*Asks:* 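This is the structure I have questions about; it appears just below.
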There are 2 protein chains.
Amino acid sequence: MAPLKKSFSDYLAQKGLKTTRQREIILDEFLRCPSHLSTEELYLRLRKKHPSIGYATVYRTLKLFAESGIAEERHFGDGQTRYESSTSEEHHDHLVCTACGAILEFEDPRIEQLQDEVARTHGFKISRHRLELYGLCAKCSET
Amino acid sequence: MAPLKKSFSDYLAQKGLKTTRQREIILDEFLRCPSHLSTEELYLRLRKKHPSIGYATVYRTLKLFAESGIAEERHFGDGQTRYESSTSEEHHDHLVCTACGAILEFEDPRIEQLQDEVARTHGFKISRHRLELYGLCAKCSET
DNA sequence: TTTCTTGCAAAAGCTTTGCACACCG
DNA sequence: CGGTGTGCAAAGCTTTTGCAAGAAA
């Protein structure tokens, strides 16, 4: 089984929750889709194949993904919550194009290291961070 | 006049907008308050001295502050928009305590420099960024 | 059977908008 | 005056919740 799927089903078992048809469907679709989908986008995709699925179920299930650690919530400033599947390996940050909405991921250990240093200076114990760079992507800045 | 006040009144003049009693009151209070206030918090404070002021006016005025460049919108993940007055000088980032909600500001030019470098690598032209470190502050991690 | 889930609709938060009146320039 | 701004209430959006029926263990 894919590691994230196993992770999730372990989480359910451990919490005494149930594996349901909907949760399987939603997880499959979630993993198949581009990252950073909003709940609504995912819901709309799901509806095409599974018209009976409920809006609330998608919301609840995505929150469950986040709790279980297989996905992370993101807020990019439009009013919507977006979700990204966890690689469980390295964390990554985002470049967001303010013109076309493109989202690129990057990772830079040097930045992470400096963050740790800053946190230490202030006596903070960091559990997570968020770094987003907003601007124009290569395409959009051409014009 | 305080620089931000002047900035704002210039913006109003340039856009053909009007200086009103409410805008003055809200700006004064905004500048006097701790940073990172949510619209509601500011509204509640204003109400004490000016009970007739409307919720919508506070919302509209804060948006106006943001447009004029004298304030910036922040989203820290609770559903509320918070505003911070612009120093117009250096940008700063945030350390957010997930236990007590404390927000510390910091700034590290080395991190900024690395961000620029990352952006360049991807062909991005950065206009702004957001860096938040979440964890426990010194006090809360003692226990 | 017992407990957890679902789908629906209603409710809840935060934010925006329509409108009539008031105010600024 | 003419166009903006205000306050109120209503509407909008996204997200959450209550509940009866349905499904998993």
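Bear in mind the structure is a predicted one, so any value in this text is a computation, not a measurement. Letters A, B, ... mirror the listed sequences (proteins, then strands); counts begin at 1.
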*Asks:* What is the distance, to the nearest angstrom, from the CD1 atom on B:Ile25 to the C1' atom on D:dG7?
*Replies:* 14 Å
*Asks:* Tell me which nucleotide among C:dT15, C:dC14, C:dG7 gets nearest to the side chain of B:Tyr55.
*Replies:* C:dT15
*Asks:* Could you tell me the separation between the CD atom of B:Glu24 and the C1' atom of D:dG5, rounded to a whole number of Å?
*Replies:* 13 Å
*Asks:* Can you tell me the distance, in whole Å, between the CD atom of A:Gln80 and the P atom of C:dC14?
*Replies:* 18 Å
*Asks:* Any base atoms under 4.0 Å from A:Ser38, or only sugar-phosphate, or nothing? Heavy atoms, all strands.
*Replies:* nothing
*Asks:* Nearest to the A:Ala56 side chain among C:dT15, D:dT17, C:dT5, which nucleotide is it?
*Replies:* D:dT17
*Asks:* Phosphate oxygens OP1/OP2 of C:dT16: is one of them under 4.0 Å from a side-chain N or O of B:Lys63?
*Replies:* yes
*Asks:* Considering only C:dC14, C:dT5, C:dG25, which nucleotide approaches the side chain of A:Leu17 most closely?
*Replies:* C:dT5
*Asks:* Over all heavy atoms of both residues, which pair between A:Leu12 and A:Lys18 is shortest? Give the atoms and the distance, please.
*Replies:* CD1-O, 3.8 Å
*Asks:* Check whether any side-chain nitrogen or oxygen of B:Tyr59 sits under 4.0 Å from OP1 or OP2 of C:dT16, and answer yes or no.
*Replies:* no
*Asks:* Does B:Thr57 make a side-chain N or O approach to OP1 or OP2 of D:dG5 shorter than 4.0 Å?
*Replies:* no
*Asks:* What is the distance from CG of A:Leu12 to P of C:dC4, rounded to the nearest Å?
*Replies:* 13 Å
*Asks:* What is the distance, to the nearest angstrom, from the CD1 atom on A:Ile53 to the C1' atom on D:dG22?
*Replies:* 15 Å
*Asks:* Would you kindly give the CD-to-P distance between A:Gln14 and C:dC4, to the nearest whole Å?
*Replies:* 15 Å
*Asks:* Is there a side-chain polar atom (N or O) of A:Arg21 under 4.0 Å from OP1 or OP2 of C:dT6?
*Replies:* no
*Asks:* Report the distance from atom CZ of A:Arg60 to atom P of C:dC4, rounded to the nearest whole Å.
*Replies:* 14 Å
*Asks:* Is it possible for you to say whether B:Leu136 and A:Ile126 belong to one hydrophobic cluster, with membership spreading through side-chain heavy-atom contacts below 4.5 Å?
*Replies:* no
*Asks:* Under 4.0 Å from OP1 or OP2 of D:dT6: is there any side-chain N or O of B:Ser52 that close?
*Replies:* no
*Asks:* Just how far, in rounded Å, is P of D:dT15 from NE2 of A:His75?
*Replies:* 8 Å
*Asks:* If you compare all heavy atoms of A:Ser85 against all heavy atoms of A:Ser35, which two are closest, and at what distance to 0.1 Å?
*Replies:* N-OG, 4.0 Å
*Asks:* Any sub-3.5 Å donor-acceptor pair from A:Ser68's side-chain atoms to A:Phe8's backbone N or O?
*Replies:* no
*Asks:* Counting only side-chain heavy atoms from C-beta out, which of D:dC8, C:dC14, C:dT5 sits nearest to A:Lys18?
*Replies:* C:dT5
*Asks:* Mind checking whether B:His94 and B:Phe76 have parallel, tilted or perpendicular rings, split at 30° and 60°?
*Replies:* perpendicular
*Asks:* Out of D:dG7, D:dT15, C:dT5, which has the shortest distance to the side chain of B:Gln22?
*Replies:* D:dG7
